[in-house]
Asker: 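Here's a structure for you.
Order of the sequence lines sets the chain letters (A, B, ...), proteins ahead of strands, with each chain counted from 1. The figures here come from the full heavy-atom set of this structure, side chains too, leaving out hydrogens, waters and symmetry mates.
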Amino acid sequence: MTRGELSRTIKHDIEVLVAEAVAKAQEAGELPALALPESPVERPPRPEHGDYASTLPLRLARAAGAAPLEIAGIIARHVQPTEAIASVEAAPPGFVNFRLSEAWLAAQVDAIVAAGESFGDVPLGLGQKVQVEFVSANPTGPLTVATGRGLAIGDTLASVLAAAGYQVEREYLVNDAGTQTETFASTLYARYQQLFGREVEVPAGAYTGDYVVDLAGEIRDDYGDKFLDGGQPYPPEVHDIGIQKMVRLIQDDLAAMGVRYDVWFSEHSLYQSGTYEKAMALLKERGFVSEKEGAVWFASSTLGEDKDNVLVRSSGRPTYFASDVAYHYDKFFVRAFDRVIDVWGADHQGHVPRMKAAVSALGVDPERLVIIIHQLITIRRGSQEVRVSKRAGDIVTLREVVDEVGPDAARFFFVTRAADSHMDFDIDLAQRQSAENPVYYVQYAHARIAGILAHAQERVADFVDGDVSLLSHEAELALIRRMLQFPELIESIALSLEPHPLPYYAMDLATSFHDFYEKCRVVSDDVALSKARLKLAAAAKLVLARALRLMGMTAPDRM
RNA sequence: GCCCCAGUAGCUCAGUUGGAUAGAGCAGCGGUUUCCUAAACCGCAGGUCGCGGGUUCGAGUCCCGCCUGGGGCCCCA
């Protein structure tokens with residue numbers, strides 16, 4: 001096998017080599033003709049075991065009726081040697097260990113530099129249309145810290161999927177049609193009237209945060225007393241203006257976190273475009289709608305749910321669930337996404353089974369809808385827990401955190417935890433540790449390389465002709481090995497849809513670079529070696545920058 | 001009561017989908033700068049992987065039970 005377009009990753013190449021070796025051993029009658037179990041090659045934890053290892057013999061032993069070590073020996077003997085592989089060995093109790101050729105490793109630096117920005121891309125998605133919808137917080141208040149998590153997960157996932165060859169759209173659903181926005185508008189209008197000295201009470205369940213008062217002030221400044229006698233509970237313009245301003249605020253907050261959405265989808269538009277009616281009609285046509293107790297129900301119990309769910313209240317108003325059914329109808333039928341990924345907080349987990357049931361009731365394979373649930377964040381100031389409630393007005397805003405610790409540190413923090421894990425966010429600690437945040441460790445490696453390249457510019461003419469075969473130091477090879485993991489990581493994240501390994505990788509890559517820096521003088525009197533090492537440093541800079549950018553962070557040249 | 005998630009070093013968390021001697025960051029202790037960025041590097045210390053059973057060549061990882069914490073079980077979103 002030669003290096004080329006067909007090879008996704010060296011890991012993949014080795015998996016192919018193993019499969020071919022088994023097939024040859026079977027032809028030769030040395031192994032029984034058995035169907036092979038799934039057995040991806042893995043990375044041995046200890047360097048003396050090589051770069052990659054197959055555990056296939058261990059999995060095959062019972063069915064083959066032979067000792068694992070013996071099978072490992074047979075497979076190792078049948079592996080076709082390639083320029084990339086230096087050695088193949090059987091090791092007890094039944095591993096097949098592969099060691100990469102150092103000459104081949106060194107040559108990969110040229111490949112990485114040639115690939116440039118596209119190093120790390122893997123042909124997995126093949127242009128499939130994927131939508132990632134995340135955050136989608138109600139436009140009834142500023143974004144809270146809690147939304148930072150969905151933001152980091154969703155945005156990073158979208159970036160990684162794009163790198164993996166998917167056609168990705170980021171989407172924010174603006175809930176501009178529900179009862180929450182009505183309560184919000186009522187509160188806003190009450191505040192507005194109060195600003196003109198009227199004795200008006202805020203409604204029950206009102207949004208008592210000061211930001212509503214500020215917003216009312218803005219409306220007064222912009223429109224004067226125009227809406228003062230606009231009717232009850234609020235004039236429609238106040239509702240719309242309020243939502244609009246709130247959405248703009250949210251957009252600003254998201255921009256401050258480095259997120260750009262492709263689509264801002266209005267819930268209200270589902271009712272104007274006729275999508276809602278079409279979705280309900282399809283559901284009815286397929287026999288999943290029933291009427292009882294004066295309401296319209298989704299017969300989810302026929303799909304294995306423990307109960308039915310209301311679509312249209314007896315008052316005639318659709319529920320949030322009905323909106324969401326129509327919304328997903330739009331995603332799959334109108335816009336025809338191959339795959340839809342919704343990122344929700346754990347407080348919505350109860351909504352997952354019925355949403356999946358609804359999608360399948362619409363006739364869509366429920367596998368095409370992936371709902372990622374992330375656990376909630378507990379916010380503390382020191383030892384004191386902060387209850388976050390938009391309505392009560394006790395909010396720790398995302399903006400507040402960004403302003404204090406910076407977007408890069410915030411993004412890094414949010415994306416580093418697995419979605420399934422609960423998260424403690426201590427604001428005091430975040431401030432104190434912002435300078436200790438590992439993101440700076442990664443960024444520093446990038447800045448260090450930029451410094452070296454600038455330094456070299458004055459001494460070494462150019463290093464495009466650098467001969468990378470001169471790279472043979474352990475630290476150099478370790479850095480190259482680390483970089484070659486990058487495409488594997490992209491592939492792995494695109495499959496698992498769990499972005500949290502990315503920051504860990506970035507730290508490891510930075511460590512490999514710092515170690516190389518300590519042990520290998522880059523710019524020295526040895527011009528040939530300098531050029532080779534400059535090329536290696538430039539490659540590392542590329543990969544660091546890309547890892548950071550995938551997480552929505554900056555890659556500074558100076559710190 | 002039922003369902004989902006978690007419990008790993010003092011703290012915050014990873015753990016390659018069941019593999020070889022369980023790791024990182026921070027905190028603690030000690031060391032490294034005539035030299036491209038010391039926001040770095042090297043070393044030391046720190047563990048009954050919540051508890052108890054089970055599955056098998058092999059379990060932090062899978063199954064069962066229990067304990068603790070978070071979330072859910074509305075004609076709320």
Side-chain angles (χ1 to χ4, degrees), chain A residues 11 38 40-46 48-49 53 55 58-59 61-62 67-68 91-95 97 136-138 140 175 178-181 205 293-297 306-307 309-315 317-321 323-324 345-353 373-378 413 416-426 429 432-433 435-445 447-456 458-459 485 488-489 492 495-496 498 500-501 503-504 507-508 510-511 513-515 517-519 521-524 530 533-534 537 558-559:
Chain A
K11 176 172 185 263
E38 192 74 12
V41 300
E42 22 189 276
R43 205 167 271 283
R46 310 186 69 80
E48 58 264 35
H49 295 135
T55 59
L58 290 162
R59 294 162 205 258
R62 177 180 291 262
F95 295 96
N97 292 337
S136 297
N138 283 343
T140 54
N175 291 106
T179 51
Q180 290 305 314
T181 64
E293 299 155 26
V296 178
W297 297 72
D306 31 347
K307 59 181 179 190
N309 294 97
V310 173
L311 288 165
V312 184
R313 301 176 175 98
S314 45
S315 68
R317 299 202 41 169
T319 60
Y320 161 84
F321 177 55
S323 272
D324 232 8
D347 51 340
H348 285 69
Q349 62 170 253
H351 189 52
V352 174
I373 296 292
H374 62 81
Q375 299 302 310
L376 301 179
I377 303 182
T378 308
F413 177 81
T416 301
R417 272 73 171 177
D420 281 342
S421 291
H422 298 272
M423 192 162 140
D424 263 15
F425 192 91
D426 182 340
L429 196 67
R432 239 180 301 131
Q433 289 193 343
E436 301 296 332
N437 192 301
V439 71
Y440 298 114
Y441 175 79
V442 178
Q443 290 182 322
Y444 178 66
R448 215 178 205 187
I449 298 173
I452 293 168
L453 295 181
H455 172 82
E458 302 156 18
R459 281 150 229 260
Q485 276 182 268
E488 295 173 14
L489 179 73
S492 154
L495 291 171
S496 69
E498 294 184 344
H500 70 273
Y504 289 96
M507 283 190 274
D508 287 343
T511 297
F513 176 77
H514 287 311
D515 186 54
Y517 174 87
E518 294 294 330
K519 292 177 179 155
R521 173 86 200 174
V522 178
V523 181
S524 68
S530 297
R533 286 181 171 168
L534 282 166
R558 202 179 289 270
M559 284 176 76

Asker: For rG47(B) and rA6(B), measure between their P atoms and round to the nearest Å.
Answerer: 26 Å

Asker: Could you work out the separation of rC49(B) and rU8(B) based on their P atoms and round it to a whole Å?
Answerer: 11 Å

Asker: Please name the nucleotide paired to rG19(B) by Watson-Crick or G-U wobble geometry with both distances under 3.5 Å, or report none.
Answerer: rC57(B)

Asker: Classify the nucleic acid contact of Arg558(A) as base, sugar-phosphate or nothing, counting any heavy atom under 4.0 Å across all strands shown.
Answerer: base

Asker: Does rU33(B) count as syn, meaning its glycosidic angle lies within 90° of 0, or as anti?
Answerer: syn

Asker: Within this structure, what is the NE2-to-C1' distance between His422(A) and rA6(B), rounded to whole angstrom?
Answerer: 4 Å

Asker: Backbone N or O of Asp424(A) within a donor-acceptor pair of the Thr378(A) side chain at under 3.5 Å?
Answerer: no

Asker: What interatomic distance, in whole Å, is found between C1' of rC11(B) and the corresponding atom of rG46(B)?
Answerer: 13 Å

Asker: Can you check each nucleotide of nucleotides 72-77 of chain B against protein heavy atoms at under 4.0 Å and return B for base, S for sugar-phosphate only, - for none, in 5' to 3' order?
Answerer: SSSBSB

Asker: What integer number of Å spans the P atoms of rA38(B) and rA22(B)?
Answerer: 35 Å

Asker: Sticking with atom P, work out how far rG25(B) lies from rC66(B), rounded to a whole angstrom.
Answerer: 39 Å

Asker: When the nearest nucleotide of RNA chain B is assigned to Leu58(A) and to Ala510(A) on a heavy-atom basis, which residue is associated with the more 5' position?
Answerer: Leu58(A)

Asker: In whole Å, I'd like the distance from the CD atom of Glu498(A) to the P atom of rC5(B).
Answerer: 13 Å

Asker: Is it the case that the side chain of Thr319(A) and the backbone of Val310(A) share a donor-acceptor pair, with hydrogens and angles ignored and the cut-off at 3.5 Å?
Answerer: yes

Asker: Just to verify, which of Val523(A), Val522(A), Leu534(A) counts as forming a side-chain contact (heavy atoms from CB on, under 4.5 Å) with Leu453(A)?
Answerer: Leu534(A)

Asker: Could you tell me whether Thr55(A) contacts a base, only the sugar-phosphate backbone, or nothing, with contacts defined as non-hydrogen atoms closer than 4.0 Å?
Answerer: base

Asker: Counting only side-chain heavy atoms from C-beta out, which of rG18(B), rU16(B), rU12(B) sits nearest to Arg59(A)?
Answerer: rG18(B)

Asker: Nearest whole Å is fine: how far is rC41(B) P from Phe513(A) CZ?
Answerer: 11 Å

Asker: Is any side-chain N or O of His500(A) closer than 4.0 Å to OP1 or OP2 of rG15(B)?
Answerer: yes

Asker: Please name the nucleotide paired to rC2(B) by Watson-Crick or G-U wobble geometry with both distances under 3.5 Å, or report none.
Answerer: rG72(B)

Asker: Answer yes or no: is there an ion pair linking Lys11(A) with Glu42(A), defined by an N-O contact shorter than 4.0 Å?
Answerer: no

Asker: Do Asn309(A) and Trp297(A) come close enough that some side-chain heavy atom pair is under 4.5 Å?
Answerer: no

Asker: Can you give one letter per nucleotide of nucleotides 20-36 of chain B, going 5' to 3': B for a protein heavy atom under 4.0 Å from the base, S for sugar-phosphate only, - for none?
Answerer: BB---SS--------SB

Asker: Give a yes or no answer on whether the side chain of Asn437(A) reaches the backbone of Val439(A) with a donor-acceptor pair at less than 3.5 Å.
Answerer: yes

Asker: Asp420(A) CG to rG69(B) C1': how many Å, rounded?
Answerer: 15 Å

Asker: So do the side chains of Leu58(A) and Pro93(A) get within less than 4.5 Å of each other, counting heavy atoms only?
Answerer: yes

Asker: Ile449(A) CD1 to rA40(B) C1': how many Å, rounded?
Answerer: 13 Å

Asker: Distance check, P atoms only: rG52(B) and rG60(B), in whole angstrom units.
Answerer: 13 Å

Asker: Which nucleotide, rC41(B), rU12(B), rA6(B), lies nearest any side-chain atom of Arg417(A)?
Answerer: rU12(B)

Asker: What is the distance, to the nearest angstrom, from the CE atom on Met423(A) to the P atom on rA14(B)?
Answerer: 10 Å

Asker: When you measure from the side chain of Ser496(A) to the backbone of Ser492(A), do you find a donor-acceptor pair of N or O atoms at a distance under 3.5 Å?
Answerer: yes

Asker: Apply side-chain contact (heavy atoms from CB on, under 4.5 Å) to the pair Arg317(A) and Val312(A), showing each step before the final yes or no.
Answerer: CA-CA 6 Å; Arg317(A) 299 202 41 169; Val312(A) 184; over 6 Å; no

Asker: Please name the nucleotide paired to rC44(B) by Watson-Crick or G-U wobble geometry with both distances under 3.5 Å, or report none.
Answerer: rG28(B)

Asker: Determine yes or no for a side-chain-to-main-chain donor-acceptor pair under 3.5 angstrom, with Ser524(A) supplying the side chain and Arg521(A) the backbone.
Answerer: no

Asker: I'd like to know if the side chain of His374(A) pairs up with that of Asp420(A) as donor and acceptor (distance under 3.5 Å, no hydrogens or angles considered).
Answerer: no

Asker: For Thr511(A) and Tyr441(A), test the side chains for any donor-to-acceptor distance below 3.5 angstrom and give the result as yes or no.
Answerer: yes

Asker: Taking only the P atom of each, what is the distance from rG10(B) to rG28(B) in whole angstrom?
Answerer: 16 Å

Asker: Using atom P in both nucleotides, what's the gap between rC44(B) and rG50(B) to the nearest angstrom?
Answerer: 27 Å

Asker: Would you mind calling rU17(B) syn or anti? Take O4'-C1'-N9-C4 for purines or O4'-C1'-N1-C2 for pyrimidines, and syn is within 90° of 0.
Answerer: syn

Asker: On RNA chain B, check which nucleotide each of Leu495(A) and Asp424(A) is closest to and give me the residue with the more 5' one.
Answerer: Asp424(A)

Asker: If pairing requires Watson-Crick or G-U wobble contacts with both distances under 3.5 Å, which nucleotide is the partner of rC49(B)?
Answerer: none

Asker: What integer distance in Å separates Lys519(A):NZ from rA38(B):P?
Answerer: 16 Å

